[in-house]
K.L.:
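Structure in structure tokens, see below.
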Amino acid sequence: MVALAGCALAVLLNTGSAIGQPTTPSAPISTPPPDSGGKGDEVVQTQWGPLGPADRDFMNRVKQAGLWEKPAGDKGRAKRPDQPKILEACKHLIEGHTLLDNVVNRAGVLLGHTLPTEASDEQKGFLAEMDAANGDEFDVVFANRLRAAHGKVYAYAAQIRAGTKNELIRILSTQAMITVFDHMKVLEETGKVDFAGLESPQPLAPPPPAENNTGAADATGDQAAAEQTANPTDGVIPTVPEGTRFTRTAEQGVFGDNNGVFFGAIAVLALALVGMRMISRSKKTRRKSRSY
């Protein structure tokens with residue numbers, strides 16, 4: 001009875017837990033044709049949410065980051081094989097951007113956006129500096145060029161993650177922030193980063209006044225309202241597949257719609273324990289009667 005009760009409890013709990021978990025959306029994922037993700041200031045509606053110019057720019061920058069930072073890692077391995085900290089940074093650069101490449105390549109396909117295939121002219125210039133440097137000079141160029149670039153990308157990724165309305169771009173920017181933070185850390189651990197040469201952070205702009213009492217201020221407010229209305233991405237809620245954790249409500253409880261299953265399992269276990277107790281007492285009564 002104990003075994004049967006345990007099996008029943010396990011089956012019921014597993015059923016409730018599985019039903020309450022996010023499910024794979026039943027709607028098929030369509031792959032749009034290349035270059036259908038929009039250009040310039042165009043905002044394109046996709047099954048993952050609107051895709052705007054900043055989203056496309058971010059994908060391009062993530063792709064181009066890998067196009068020069070992985071080669072930089074290869075150069076560091078070739079030029080400084082006797083420097084453990086440089087080698088560790090190179091390892092993180094190559095592995096991190098290999099992962100990011102997989103994510104951004106997939107996002108580009110699903111969103112119909114063609115990614116760049118070459119690093120920017122500035123990034124090519126950084127690689128040329130590394131080619132021309134050797135020894136400690138290479139370490140300094142390597143660490144500082146990469147650390148400065150990662151600082152800018154990290155801030156940009158945070159800005160995109162905070163405001164993008166596209167689900168895939170949120171996934172990409174989250175992974176970019178994790179990877180870039182790791183790279184900044186290992187680059188700083190080389191001991192070659194000149195923090196005085198990095199751009200200083202700036203305070204946020206003060207919030208606008210609560211009330212405008214002048215005509216000029218009112219005109220400014222009207223202009224801002226008009227610009228906000230003209231932005232086609234404002235107020236657009238990203239599409240979320242049905243049946244995922246994003247569409248579950250608080251009323252569903254711990255096991256989704258299956259709290260009754262959970263309490264039923266507890267009842268089965270309680271009945272099993274009561275049955276065991278009754279059988280035990282019955283056996284004791286039989287032994288006493290036989291002894292007499």
Side-chain angles (χ1 to χ4, degrees), residues 54-55 57-108 115-162 164 168-204:
D55 300 319
D57 178 69
F58 181 68
M59 284 193 287
N60 290 344
R61 290 178 184 272
V62 171
K63 181 63 178 180
Q64 286 184 311
L67 290 173
W68 84 278
E69 290 177 23
K70 284 199 290 185
D74 291 333
K75 294 180 189 299
R77 282 179 167 179
K79 288 199 168 193
R80 305 296 280 164
D82 58 339
Q83 298 297 315
K85 292 184 178 180
I86 296 294
L87 290 179
E88 183 67 14
C90 293
K91 176 177 180 290
H92 282 244
L93 287 169
I94 294 172
E95 292 179 353
H97 281 288
T98 298
L99 171 61
L100 274 182
D101 269 355
N102 291 335
V103 179
V104 74
N105 288 344
R106 182 61 175 163
L115 298 167
T117 57
E118 291 186 359
S120 68
D121 291 339
E122 181 184 42
Q123 292 164 344
K124 291 178 181 179
F126 296 157
L127 292 175
E129 288 184 54
M130 294 180 194
D131 287 333
N134 293 290
D136 291 339
E137 181 186 1
F138 173 85
D139 297 346
V140 172
V141 173
F142 174 86
N144 284 280
R145 288 303 191 190
L146 286 164
R147 174 57 182 82
H150 279 80
K152 294 177 181 178
V153 171
Y154 188 78
Y156 189 38
Q159 179 185 354
I160 294 294
R161 179 60 182 83
T164 184
L168 293 186
I169 301 301
R170 283 195 293 275
I171 295 172
L172 174 62
S173 57
T174 298
Q175 183 59 54
M177 291 177 67
I178 294 171
T179 302
V180 172
F181 180 81
D182 172 70
H183 291 177
M184 288 195 297
K185 182 175 179 290
V186 292
L187 288 167
E188 291 167 359
E189 288 174 351
T190 64
K192 302 296 183 179
V193 175
D194 178 18
F195 289 97
L198 299 176
E199 292 185 6
S200 299
Q202 300 297 321
L204 294 175

K.L.:
Check side-chain hydrogen bond (donor to acceptor under 3.5 Å, both in side chains) between Lys70 and all other residues, then give those that pass, not counting sequence neighbours.
P.N.:
Asp101

K.L.:
Once rounded to the nearest 0.5 Å, what's the spacing between atom CG of Asp55 and atom CG of Leu168?
P.N.:
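Between atom CG of Asp55 and atom CG of Leu168 there are 10.0 Å.
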
K.L.:
To the nearest 0.5 angstrom, please state how far the NZ atom of Lys63 sits from the CZ atom of Phe58.
P.N.:
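One finds 14.0 Å between NZ of Lys63 and CZ of Phe58.
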
K.L.:
Evaluate the side-chain contact (heavy atoms from CB on, under 4.5 Å) criterion for residues Ile171 and Arg161: first the C-alpha distance (whole Å), next the side-chain angles of each, then the deciding distance (0.1 Å), finally the verdict.
P.N.:
CA-CA 8 Å; Ile171 295 172; Arg161 179 60 182 83; over 6 Å; no

K.L.:
One pair to check against side-chain contact (heavy atoms from CB on, under 4.5 Å): Asp139 and Asp136. What are the steps and the verdict?
P.N.:
CA-CA 5 Å; Asp139 297 346; Asp136 291 339; 3.9 Å; yes

K.L.:
Applying salt bridge (Lys or Arg N to Asp or Glu O under 4.0 Å), name anything that partners Lys79, two or more places apart in sequence or on another chain.
P.N.:
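Listed in chain order: nothing, the list is empty.
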
K.L.:
In Å, rounded to the nearest 0.5 Å, how long is the span from NZ of Lys85 to CD of Glu188?
P.N.:
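Output value for this atom pair is 12.5 Å.
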
K.L.:
So, do His183 and Leu146 sit near enough that their side-chain heavy atoms are less than 4.5 Å apart?
P.N.:
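Side chain of His183 against side chain of Leu146, heavy atoms only: no contact under 4.5 Å found.
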
K.L.:
Please check this pair: side chain of Ser173 against backbone of Ile169, looking for a donor-acceptor N/O pair closer than 3.5 Å.
P.N.:
yes

K.L.:
Rounded to the nearest 0.5 Å, how far apart are CZ of Arg80 and SG of Cys90?
P.N.:
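Atom-to-atom, Arg80:CZ and Cys90:SG are 10.5 Å apart.
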
K.L.:
Closest heavy-atom contact between Leu87 and Pro81?
P.N.:
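Answer, listing the atom of Leu87 first, then Pro81: CD1-O, 3.1 Å.
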
K.L.:
How long is the gap from CZ on Phe138 to CD on Glu129, to the nearest 0.5 Å?
P.N.:
11.5 Å

K.L.:
Exactly one of His97, Gln123, Arg145 should register a side-chain contact (heavy atoms from CB on, under 4.5 Å) with Glu69. Which one does?
P.N.:
His97

K.L.:
List the atom of Gly73, the atom of Ile94, and the distance in Å for their closest heavy-atom pair.
P.N.:
C-CD1, 3.9 Å

K.L.:
Determine the minimum heavy-atom distance between Met184 and Tyr154, stating which atoms define it.
P.N.:
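The pair with the smallest heavy-atom distance is CE-CG, 3.9 Å.
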
K.L.:
For Gln64 and Pro116, which heavy atoms make the closest approach, and how far apart are they?
P.N.:
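The pair with the smallest heavy-atom distance is CG-CG, 3.6 Å.
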
K.L.:
Just jot down the salt bridge (Lys or Arg N to Asp or Glu O under 4.0 Å) partners of Asp57, sequence neighbours excluded, or say none.
P.N.:
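Asp57: salt bridge (Lys or Arg N to Asp or Glu O under 4.0 Å) contacts with Arg61.
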
K.L.:
Got a sec, which pairs hit ring pair (Phe, Tyr, Trp, His ring centres under 6.0 Å) with one end in residues 68-93, sequence neighbours left out?
P.N.:
Trp68-Phe126

K.L.:
Which heavy atom of Met130 sits nearest to which heavy atom of Ala72, and what is that distance?
P.N.:
SD-CB, 3.8 Å

K.L.:
When rounded to the nearest 0.5 angstrom, what is the spacing between CD in Gln175 and CG in Leu100?
P.N.:
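CG of Leu100 is found 5.5 Å from CD of Gln175.
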
K.L.:
On a heavy-atom basis, which atom in Pro84 and which in Asp82 lie closest, and how many Å separate them?
P.N.:
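The answer is CD-O, 3.4 Å.
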
K.L.:
Please report, to 0.1 Å, the donor-acceptor pairs under 3.5 Å made by any side chain of residues 193-202, with sequence neighbours excluded.
P.N.:
from, atom 1, to, atom 2, distance (Å)
Asp194, OD1, Ala196, N, 3.3
Gln202, NE2, Ser200, O, 3.4

K.L.:
Is a side-chain donor or acceptor of Thr190 paired with a backbone partner of Leu187 at a separation under 3.5 angstrom?
P.N.:
yes

K.L.:
Using side-chain hydrogen bond (donor to acceptor under 3.5 Å, both in side chains) as the criterion, list what pairs up with Lys185, not counting sequence neighbours.
P.N.:
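Here the qualifying residues are Glu189.
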
